[in-house]
Number of protein chains: 2
Amino acid sequence: MKDGIDMASYAQSWLGLVRVIHQVEAELARVMQSAHGLGLSEYRALAALAKAPDSELRMQDLATHLQLNQSSVSRMVERLERAELSVRDVCPDDKRGVYTVLTQKGRACLAAAEVDYEKTLEAAMKAHGCQAWLSVAMAHAQ
Amino acid sequence: MKDGIDMASYAQSWLGLVRVIHQVEAELARVMQSAHGLGLSEYRALAALAKAPDSELRMQDLATHLQLNQSSVSRMVERLERAELSVRDVCPDDKRGVYTVLTQKGRACLAAAEVDYEKTLEAAMKAHGCQAWLSVAMAHAQ
DNA sequence: CACCCGCTTGCATGGGCATACATATATCAA
DNA sequence: TTGATATATGTATGCCCATGCAAGCGGGTG
């Protein structure tokens, strides 16, 4: 951090960043919910599952990926199961573990939602002028 | 958006950005709650009130500033009042309006919390390497 | 009067914390 | 080695809180 920047403006800028992220996330959530009946966390869980080997992940891994509490993930997976987008499966080598496995329906739902997600994201970011942050994010992730 | 960037990595970078913001916000919330009994929105409401003329704001203004629903603000102000950090006051020229006014106790609470907030913010950002985003945010806010 | 606007309130939802429970692993005694 | 006990780990559940939406209520405005 540069010396010339005082704390107050530091906090102020942070607030600005948080506000924009919040708006874009809210827009994403609104679209996902109304167009596909998916919460944002649910959509991201599906996306994570689709990318995982065998389309399955353990609760903990989902929790880490989604930055959610383990209990929240447990309930989110419950919702996914009610919608038949995933099924639970026991972990053969560790009977404490539970896999959440993407179903065909889940994969189809994801495929349908993905388009809207990405379109909405791009539009919202354009609307809020935050491509600049994104390029930093890309550099950050290498 | 550049042509060479495909949608998937676009979304991926966004996810990275959201994750980091979320972690820092969570850390801030944890510290504010444990050290001062304040939720993040509550802290930010106090800060907004302190900066406002006469240390008072109407519900709508708070809602805009905090990016919260009006109903959420109504209840948040209720919490502030229970903690005696603010008081409601009717708007003399428009009796529909309600001012939330910072109390002495509220001002004191804010002063105490501000230090921790800024210290925590700086530390968390350093820990997650997101000064780069902040500088973009500053440029964004001029 | 009819209509709008600002706030509040009922309700539903998603999330976190603490806890319960089952399984896994380590340690120790005989 | 075997068995017993303590501890750690992975999930699920109870409870509470903050938030959003929609409806209600009351004051303003034409």
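These numbers come from the heavy atoms of this one structure, side chains and all, not from hydrogens, waters or symmetry mates. Predicted, not measured: the structure shown is a model, and the values here were computed from it. Letters A, B, ... mirror the listed sequences (proteins, then strands); counts begin at 1.
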request  = Scan residues 84-93 of chain A against DNA chain C and write down, sorted by residue number, each residue with any heavy atom closer than 4.0 Å; if none is found, say none.
outcome  = none
Rounded distance in Å - NZ (K95(A)) to P (dA8(D)) = 24 Å
Restricting both atoms to N or O, compile the protein contacts to nucleotides 17-20 of chain D shorter than 3.5 Å, with distance only.
unit_1: dT19(D); atom_1: OP1; unit_2: S41(B); atom_2: OG; d: 2.8
unit_1: dT19(D); atom_1: OP2; unit_2: R79(B); atom_2: NH2; d: 3.1
unit_1: dG20(D); atom_1: OP2; unit_2: N69(B); atom_2: N; d: 2.7
unit_1: dG20(D); atom_1: OP2; unit_2: S72(B); atom_2: OG; d: 2.7
unit_1: dG20(D); atom_1: O6; unit_2: R75(B); atom_2: NH1; d: 3.1

Nearest-0.5 Å distance that lies between atom SG in C109(A) and atom CD in E114(A) = 10.5 Å
key: Euclidean distance, atom CG of residue L40(B) to atom C1' of dG16(C) [Å, nearest integer]   = 15 Å
request  = Could you say whether R30(A) or G97(A) is positioned toward the 5' end of DNA chain D, judged by the nucleotide with the nearest heavy atom to each?
outcome  = G97(A)
inquiry  = Between dT11(D) and R96(A), counting only base atoms on the nucleotide and side-chain atoms on the residue, is there a donor-acceptor pair under 3.5 Å?
reply    = no
task = Verify whether one side chain among E118(A) and W14(B) offers a donor that lies under 3.5 Å from an acceptor in the other.
result = no
message = Measure CD/Q23(B) against C1'/dG16(C) and give the value in whole Å, please.
response = 16 Å
query = Would a distance-only check, ignoring hydrogens and angles, find a side-chain to backbone donor-acceptor pair under 3.5 Å from R19(A) to H65(B)?
reply = yes
Spacing of CG belonging to D94(B) relative to OH belonging to Y99(B), to within rounding of 0.5 Å = 9.0 Å
key: Atom-pair distance (CD on E78(A); C1' on dT11(D)), nearest Å   = 12 Å
query = Among E81(A), R82(A), M76(A), which one satisfies side chain to side chain contact (heavy atoms under 4.5 Å, CB included) with E78(A)?
reply = R82(A)
key: Polar side-chain atom of N69(B) near backbone of S71(B) as donor-acceptor pair, under 3.5 Å   = yes
query = Are the side chain of S74(B) and the backbone N or O of Q70(B) linked by a donor-acceptor pair below 3.5 Å?
reply = no
ask   = Between Q60(A) (CD) and dG10(D) (P), how many Å, whole number?
value = 5 Å
message = Test your reading of the model: is there a side-chain donor-acceptor pair from S86(B) to the backbone of T100(B), 3.5 Å cut-off?
response = no
task = Could you tell me whether a side-chain N or O of S55(B) sits under 3.5 Å from a main-chain N or O of L102(B), the two making a donor and an acceptor?
result = no
query = Under 3.5 Å, side chain of H22(B) to main-chain N/O of V18(B), donor-acceptor pair present?
reply = no
message = Do the side chains of R30(B) and E27(B) get close enough for a salt bridge, i.e. N-O under 4.0 angstrom?
response = yes
query = M59(A) CE to dT13(D) P: how many Å, rounded?
reply = 10 Å
key: Rounded distance in Å - CG (L57(A)) to P (dT11(D))   = 11 Å
ask   = To the nearest 10 degrees, what angle separates the axes at the start and end of the helix from dC1(C)-dG30(D) to dA30(C)-dT1(D), five pairs each?
value = 10°
